[in-house]
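Heads up: the structure comes next, in structure tokens.
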Amino acid sequence: MDTDPILEDLMSQLGDFGRYQLRQHLLHLLSGFLAGVHMLSLTTVAPTPPHRCRIPEVDQNETSYTFNASILGDYIPINSHGGLSSCIKTEDGFNLSCGKGEIVYDTTYYTSSRVIDWDLVCDIRWERSALQSIYMFGVLMGAIILGSLADKYGRKLIFYISGIFQLVFGLACAFVPYYTLLAVALFFYGMFGSGGAYVTGFVLTMEMVGPTKRTLCGTLFSLAFGVGVMVVAFWAAVIPDHWQLQTVFALHSLLILGHWWLIDESVRWLWGQGRVKEAIRIVEKAVKVNRGTFINRYDEKLSASNDKSKEASHGAMDLFKTPVLRSRMLNVAFCWFANSLVYYGLSLNTGELLGNPFLMLFLIGLAEMPAYLLVILIVDKTGRRSLCATLMLIGGIACVAVAFLQKGEIFATILVMLGKFAIAGSFAVTYNYTAELFPTVVRNSAVGVGAMAARFSGSLTPLITLLDSVSMTLPTTIFGVIAITSGLLALFLPETLNKEMPQTLEDGENFGRGDTGYKTLVKCCRDRKDRKDEPLEIIQPLKQAPSSP
């Protein structure tokens, strides 16, 4: 609904950002950190180490297996990348597939894994990818179901319930003994671990801080997620047993079990539900924490606010009823889809990089930090559109380039880090850009549709990686081409920097009409050409008058 002047006057007493908002924001940020821990946990609990067929003539030692191509060259064919084939052996001059139970693993880095326990490789490697997709599908359903419940029953309640159940299902993932049970546990782990607490924590912060701090606070959620990724790498490097490792990941959720007594409900949500006295009480407490003086000038206005005539409600379908909003929503949803696809495509495949996989995962998380800092520093100078499009193009080009480099090359690792840097930055911009593009009456719905597109692509990412059986370059090329396409399409969106956000559907339909990055680029080129074609005498210095004889 449109802005309530009484509510905005109440929030103005709180200010954009003070001691109270800082304390609450730090507590909310823990949900972003935990989402990073949970989202990447499967990469270290169920990694796929290098593997090959068992060769009786060579494999006498049952605790350590060689992967030296010079020793195994007569028994295992060499693949197109110059390494040993993972699932084929040579017998009597014929290439044969490994039978079940005939796989041995390189335990240099991973001595314990769900993949090793169940031999989720070769003909059934899709089952490993399916586990990651099931987790991401749980994240998608969490964004849909828990997001709706948070609108109905409150952000704080859903935040806390999500905290409890991410602990429960995180521990279940550590101890369930069968594949089907693990798949079920992972679905709910994703639903509550990344789809529940993270989204509600983000919304709690966005509805608490003032407009001048939303870009900073929203980007810090992405940064907290990146820190969670680095913590996953640290624990995986020091805890070799996957049962213990998943238990440690789950126990991180204990960090938010005290939040029921530490965080407050969203004032804006309480106001919208007619629980005005509770909203005023929270703001009064917050003003005191900020060392200000609360002035209660609302009692005589409460009845008028509560008796205000009901306005027409709007939802996600209104985003698709008019041509401008529809085209923008589809464009923005594709932007979320592309960002998520490349982000998780790069994050979930660190085992393909050169060197220690724990170090690579840590660096993948670390690469995000300067990206978020860059966004915070320049997004209010460059604008949202140009920065988002540029970063997506850089990330896409990096992915395409990596696809055609030899696996294990140091330059390929550098390009992956560059791609992750760029995509992490564009993802952070996309959150705030979406909120600014769409009118108030459907703003939450627009962000929700974008988040659904991102979760859907996240569930597709592990399945797309299976296309490496067709061509090793195909998955990364797909990631890159989609990112490049989305970056070019983003230039059709209007700029929102220093512009008043639309309020009604009519405002949204008219907002930025005709403003595209391509028109801006043509105008800049035309202006430069006009300056270049100016008559020379205009810029020549005046001739001096002849001196007197």
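Just so you know, residue 1 is the first one in the sequence shown, and it goes up from there. Keep in mind the model is a prediction, meaning the values are calculated, not measured.
With T390 contributing its side chain and L387 its backbone, the two residues share no donor-acceptor pair below 3.5 Å. Put simply, the side chain of Q132 never gets that close to the backbone of L42: no donor and acceptor are under 3.5 Å apart. One N or O on the side chain of S266 and one on the backbone of W269 form a donor-acceptor pair closer than 3.5 Å. Of the possible polar contacts, one joining the R384 side chain to the V379 backbone as a donor-acceptor pair under 3.5 Å is found. Side-chain atoms of D515 come within 3.5 Å of backbone N or O of E495 as a donor-acceptor pair. In terms of modelled atom types and a separation under 3.5 Å, the side chain of R128 and the main chain of A46 share a donor-acceptor contact. Between the R455 side chain and the V139 main chain, no donor and acceptor come within less than 3.5 Å of each other. Distance alone, capped at 3.5 Å, is enough to place a donor-acceptor pair between the S113 side chain and the P47 backbone. The backbone N or O of F188 lies less than 3.5 Å from no partner atom in the side chain of Q166, so there is not a single donor-acceptor pair. Side chain of S486 to main chain of A483: no donor-acceptor pair is present (N/O by atom type, distance under 3.5 Å, no hydrogens or angles).
Closest heavy-atom contact between T111 and P240: OG1-CB, 3.7 Å. The nearest pair of heavy atoms linking P357 to Y110 is CB-OH, 3.4 Å. In terms of heavy-atom proximity, S129 sits nearest to T465 at OG-OG1, 4.2 Å. Taking all atoms of both residues into account, the shortest heavy-atom contact from L204 to E265 is CD2-OE2, 4.1 Å. For the residue pair E509 and V324, the shortest heavy atom distance occurs at OE2-N, 2.9 Å. Nearest heavy atoms, A490 versus A389: CB-CB, 4.3 Å.
Heavy-atom contacts from other residues, nucleotides or ligands closer than 6.0 Å to NZ of K156 number more than 12. By the neighbour-count criterion of 12 heavy atoms within 6.0 Å, atom OH of Y153 is sparsely surrounded, having that number or fewer from other residues, nucleotides or ligands. The environment of CZ in F165 is sparse: at most 12 heavy-atom neighbours from other residues, nucleotides or ligands sit within 6.0 Å. For F358, the CZ atom sits in a packed shell: over 12 heavy atoms of surrounding residues, nucleotides or ligands are nearer than 6.0 Å. By the neighbour-count criterion of 12 heavy atoms within 6.0 Å, atom CG of D123 is sparsely surrounded, having that number or fewer from other residues, nucleotides or ligands.
Using a cutoff of 4.0 Å between basic side-chain nitrogens and carboxylate oxygens, R52 and D106 are not scored as salt-bridged. Remark: K420 engages E368 in a salt bridge, criterion side-chain N to carboxylate O under 4.0 Å.
Atoms CZ and CG, on F337 and L460 in that order, are 5.5 Å from each other to the nearest 0.5 Å. Distance check, rounded to the nearest 0.5 Å: CD1 of I263 to NE2 of H25 gives 13.5 Å. The distance from the CG atom of L34 to the OG atom of S41 is 11.5 Å, given to the nearest 0.5 Å. Note that CD1 of I158 is 5.0 Å distant from CG of L149, once rounded to the nearest 0.5 Å. Summarising the geometry, atom OH belonging to Y372 is positioned 4.5 Å from atom OG belonging to S222; distances are rounded to the nearest 0.5 Å. Taking CG from L415 and OG1 from T476, the interatomic distance works out to 11.5 Å, rounded to the nearest 0.5 Å.
Taking 4.5 Å as the limit, some side-chain heavy atom of Y105 sits within range of a side-chain heavy atom of I103. Using a 4.5 Å heavy-atom cutoff, the side chains of V416 and I364 are in contact. The closest side-chain heavy-atom distance from L491 to T516 is not below 4.5 Å. No side-chain heavy atom of R125 sits under 4.5 Å from any side-chain heavy atom of T48. Annotation: side chain of P494 is in contact with side chain of R328 (closest heavy-atom distance under 4.5 Å). Side-chain contact between I482 and F334 is present, with heavy atoms from C-beta onward closer than 4.5 Å. Taking the side chain as every heavy atom from C-beta outward, L257 and S253 never approach each other to under 4.5 Å. L505 is not listed as a side-chain neighbour of K321, based on a closest heavy-atom distance of 4.5 Å or more.
For the pair R114 and W243, the distance from NZ or CZ to the six-membered ring centre is under 6.0 Å and the angle to the ring normal is within 45 degrees.
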T496 and F511: side chain to side chain contact (heavy atoms under 4.5 Å, CB included), yes or no, with the steps? CA-CA 9 Å; T496 60; F511 178 77; 3.9 Å; yes
Please test L251 against V248 for side chain to side chain contact (heavy atoms under 4.5 Å, CB included), starting from the C-alpha separation and ending with a verdict. CA-CA 5 Å; L251 291 176; V248 169; 5.6 Å; no
What's the verdict on side chain to side chain contact (heavy atoms under 4.5 Å, CB included) for M191 and F169, showing C-alpha distance, side-chain angles and the deciding distance? CA-CA 10 Å; M191 183 174 179; F169 287 106; over 6 Å; no
Walk me through whether K213 and Q21 qualify under side chain to side chain contact (heavy atoms under 4.5 Å, CB included). CA-CA 10 Å; K213 299 298 180 183; Q21 288 99 322; over 6 Å; no
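Checked against the 2.5 Å cut-off, the SG-SG distance between C122 and C98 does not fall under it.
With sequence neighbours excluded, the residues that form a ring-ring contact (aromatic ring centres under 6.0 Å, His included) with H38 are Y189.
H252 and W235 have perpendicular rings, their planes meeting at more than 60° on a 0 to 90° scale where under 30° would count as parallel. By the 30° and 60° cut-offs, the orientation of the rings of F427 relative to W336 is perpendicular.
A side-chain donor-acceptor contact under 3.5 Å links D117 and H242.
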